[in-house]
Amino acid sequence: MIKITLKDGSTKEYPKGISVISIAKDISEGLARNVISASFNGRTLENSSEITENGKIEFYTWDDDEGKKAFWHSSSHVMAQAISELFPGIKLTIGPAITNGFYYDIDLEDHKISESDFSNIENRILEICREKHDFKIRSSSKKNAVEFYKNENNPYKLELINDLKDGEITFCDHSNFTDLCKGGHIPNTSLIKAVKILNISGAFWRADQNNKQLTRVYGISFPKQKLLKEYLQNIEQAKLRDHRKIGKNLKLFSFSNKVGLGLPLWLPKGVDLRYRLENFLRKAQKKAGYQMVMTPHIGNKELYVTSGHYDKYGEDTFQPIKTPKENEEFYLKPMNCPHHCEIYNSQKFSYKDLPVRYAEFGTVYRYEQSGELHGLTRVRGFTQDDAHIFCTEDQLDSEFKNVIDLTLHVFKTLELNDFSVQISIRDANNQEKYIGDTVAWEKSEKAIIKAVKDKKLKHTIEEGEAAFYGPKLDFMVNDALGRKWQLGTIQVDYNLPERFDLTYIDNNNQSKRPVMIHRAPFGSLERFIAILLENTAGNLPLWLTPSQFIILPISEKHEKYCKNVLNLLENNEIRGLIDNRSETIGRKIRDAEIQKIPFMIVIGEKESDQNLISVRSHGGHDYGAMKVEDFVKIIEEKTKI
RNA sequence: GCCGAUGUAGCUCAGCUGGCUAGAGCACGUGAUUUGUAAUCUCGGGGUCGGGGGUUCGAGUCCCUUCAUCGGCUCCA
């Protein structure tokens with residue numbers, strides 16, 4: 001007999017060799033009906049897997065992430081089979097489950113797949129699914145595995161096998177299809193009731209641009225047709241929140257090919273929004289002891305040689321700007337830190353002056369490949385809410401935590417509650433990517449991890465994602481379609497102070513190096529506004545929105561009274577406008593709704609006679625008639641930040 | 001940059017297998033209307049169909065090329 005511990009901590013005894021599904025059946029019929037995979041002592045298992053030792057079991061259904069993973073991973077096998085049948089001679093590589101669905105990377109050789117093939121692939125997949133083939137996992141010796149893929153003439157699988165140890169290699173069979181696979185499947189293909197091929201794209205073998213480009217086919221599948229329909233509808237809904245669409249409709253920003261790719265043009269309403277965000281942060285930063293600085297958009301080549309940017313990005317950036325006679329070389333600034341280091345160097349600091357905190361809304365320019373550009377979220381020219389803190393090593397911990405607090409304050413005020421925190425450290429195997437010595441890196445990484453742990457922030461650690469000069473702490477937020485974007489960022493840097501020979505005099509009259517913190521709570525105004533628009537569907541917080549109200553006169557007769565109301569509100573620093581067109585009130589309301597203006601003030605005979613205003617909010621809530629003072633109170637209450 | 005899709009008026013889109021002077025709604029301009037909680041009516045201007053080249057008696061439609069846009073190129077059997 002073996003002892004099995006369940007999720008709730010209780011234990012049960014079963015005969016050695018009992019299958020996962022039998023245990024599920026023993027617990028309840030309902031569980032047995034819904035379980036699609038399981039894990040045992042952290043290892044992924046299938047329903048048919050037999051258990052031979054004591055341990056902890058966890059069952060997964062479609063409602064668990066792990067269950068979905070097994071479902072989608074299994075689906076990718078079926079898709080691979082369908083595509084192999086329709087396009088003979090192709091070579092399969094990898095096909096994992098992803099956050100939403102699955103993909104398979106395929107070397108298509110001479111074949112080409114395009115959208116017109118999607119329905120054929122889908123139909124074949126569904127056919128296979130209906131045939132109810134069991135997924136069967138079996139071990140294989142390394143020798144046999146190698147032989148199998150030598151016969152198949154598949155160098156990709158051979159490369160994968162090469163990285164695996166003999167004894168841990170398994171295959172998965174279903175129908176007449178075999179794939180190298182570590183397991184985690186649903187019992188059989190018939191559970192898959194709905195499938196959709198979503199798109200195809202190029203993807204490099206092992207994510208390396210120097211390798212051959214494969215064709216990646218993305219798909220998603222569901223145990224019910226209805227779920228697929230809902231999924232597709234959700235995507236359609238999410239597309240309505242696309243910041244590019246909202247930005248255009250609300251006249252916030254635009255792009256022009258004549259100006260250049262990835263170079264946003266800010267329209268008056270967008271600038272209004274930006275200034276409000278900037279001023280909000282200016283105020284918070286002033287309170288936190290920052291001083292504003294300003295630096296030019298270009299810098300001498302020497303500046304970037306010193307900082308290391310030239311070595312790292314010199315070749316792969318905008319080409320230098322040269323003076324006609326002296327032949328001096330300037331670069332558009334990719335970051336503000338070198339300039340800020342030189343501001344620090346413009347005077348001598350005592351330990352009593354530290355920390356010094358320089359902030360700037362600094363516009364920077366970076367070359368991004370044309371295919372990487374994306375609305376306001378990835379551009380070639382953008383403004384960082386940048387600041388650099390120069391402090392002593394003793395001050396590092398508390399300074400870092402203060403920056404975390406400031407960033408959290410920004411996110412909270414803007415109602416971005418759904419974010420994740422990511423610590424990005426070096427890739428220890430690829431040291432050439434970074435500048436500075438190991439000791440400095442280790443110190444920086446430790447400082448960040450300690451601060452995050454002390455602050456009890458739930459976080460992930462990503463190896464190899466650090467900046468070239470130091471590790472960082474990033475605040476990530478999803479866009480409407482669930483793509484992750486880095487917004488706020490905090491970085492610890494021992495390297496630039498060294499390179500720029502930054503010093504301060506300590507209390508023993510000794511020259512010492514300060515530590516530097518780079519930080520930007522928004523990250524960039526562009527990306528932040530983009531994500532804010534997608535998260536709010538364009539319904540910005542009242543304190544931020546360009547127009548807080550619009551006055552809608554019933555007829556021209558009330559023009560004078562409307563102007564009085566406008567003046568009164570403006571005197572209370574509430575901003576808005578009057579819709580003076582000779583349109584019906586229904587029309588004016590509709591247009592105000594489309595412009596997402598938070599409050600509509602309807603004024604007709606009734607209101608002007610009684611010295612009142614009728615208030616309606618965006619979305620149709622009727623506040624009824626009230627005095628202007630009462631409306632002012634409502635707005636003041638709602639704009640407290 | 002690479003893979004796939006798309007590109008018709010400021011916006012959203014129609015235009016079948018190539019065949020009259022390229023259409024609609026919204027937006028814009030004009031005139032009328034002065035309106036009570038999500039679209040008042042009238043008339044009008046606006047497009048060398050992304051650019052270039054080709055096939056054809058004839059191209060928005062077919063082919064080539066180029067530019068731009070969208071999705072992806074991070075998720076490791």
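In what follows, every chain begins at residue 1, and chains take the letters A, B, ... in the order their sequences are listed.
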Distance check, [atom1] atoms only: [N] and [M], in whole angstrom units.
{"N": "B/C20", "M": "B/U61", "atom1": "P", "answer": "13 Å"}
{"N": "B/G54", "M": "B/G72", "atom1": "C1'", "answer": "33 Å"}
{"N": "B/U69", "M": "B/A22", "atom1": "C1'", "answer": "24 Å"}
{"N": "B/C41", "M": "B/U33", "atom1": "P", "answer": "16 Å"}
{"N": "B/U21", "M": "B/G60", "atom1": "C1'", "answer": "15 Å"}
{"N": "B/U48", "M": "B/A5", "atom1": "C1'", "answer": "26 Å"}

[X] side-chain N/O to [N] phosphate OP1/OP2 under 4.0 Å:
{"X": "A/Y218", "N": "B/G4", "answer": "no"}
{"X": "A/K251", "N": "B/G10", "answer": "no"}
{"X": "A/S582", "N": "B/U33", "answer": "no"}
{"X": "A/R581", "N": "B/U35", "answer": "no"}
{"X": "A/R483", "N": "B/G72", "answer": "yes"}
{"X": "A/H558", "N": "B/U34", "answer": "no"}
{"X": "A/R590", "N": "B/C26", "answer": "no"}
{"X": "A/T215", "N": "B/C3", "answer": "no"}

Q: Would you indicate what A/G604 reaches in the nucleic acid, counting non-hydrogen atoms under 4.0 angstrom: base, sugar-phosphate, or nothing?
A: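 If one applies the 4.0 Å heavy-atom cut-off, A/G604 turns out to touch a base.
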Q | Lys/Arg-Asp/Glu bridge criterion (N-O < 4.0 Å) met for A/K157, A/D179 | A |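 Yes.
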Q) Do NZ/NE/NH1/NH2 and the carboxylate oxygens of A/R426 and A/E445 come within less than 4.0 Å? A)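 A salt bridge links A/R426 with A/E445.
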Q. Can you tell which of B/G71, B/G1, B/U69 lies closest to the side chain of A/E372?
A.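 So the nucleotide nearest the side chain must be B/G1.
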Q. Among B/U37, B/C73, B/C11, which nucleotide sits nearest the side chain of A/R216?
A.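 Nearest to the side chain of A/R216 among the choices is B/C73.
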Q.
I'd like to know if A/E368 reaches the base of B/G1 with its side chain, counting only an N/O donor and acceptor under 3.5 Å.
A.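 Not at all, since no donor on one side and acceptor on the other fall under 3.5 Å apart.
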Over how many whole Å does the gap from [X] atom [atom1] to [N] atom [atom2] extend?
{"X": "A/I235", "N": "B/G72", "atom1": "CD1", "atom2": "P", "answer": "10 Å"}
{"X": "A/E115", "N": "B/G71", "atom1": "CD", "atom2": "C1'", "answer": "9 Å"}
{"X": "A/Y561", "N": "B/U34", "atom1": "OH", "atom2": "P", "answer": "24 Å"}
{"X": "A/I589", "N": "B/U40", "atom1": "CD1", "atom2": "C1'", "answer": "15 Å"}

Q | Position toward the 5' end of RNA chain B (nearest nucleotide), A/L214 or A/T584 | A |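 That would be A/L214.
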Q | Comparing A/Q369 and A/I554 on RNA chain B - which has the more 5′ nearest nucleotide | A |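 Taking each residue's closest nucleotide, the earlier one in sequence belongs to A/Q369.
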Q: Flag the pair A/H77 / A/C181 as yes when at least one side-chain heavy-atom distance between them is below 4.5 Å, and no otherwise.
A: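 Yes, side chains in contact.
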(Q) Quick check against the 3.5 Å criterion: does A/S49 have a side-chain atom that pairs as donor or acceptor with the backbone of A/L45? (A)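 Judged by distance alone, no pair lies under 3.5 Å.
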Q: If the plane angle is over 60° it's perpendicular, under 30° parallel, otherwise tilted; pick one for A/F419 and A/F475.
A: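 Tilted, since the angle between the ring planes falls between 30° and 60°.
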Q.
For A/F222, run the ring-ring contact (aromatic ring centres under 6.0 Å, His included) check against A/F102, A/F71, A/W62 and tell me which one passes.
A.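 Of all the options given, the one that passes is A/W62.
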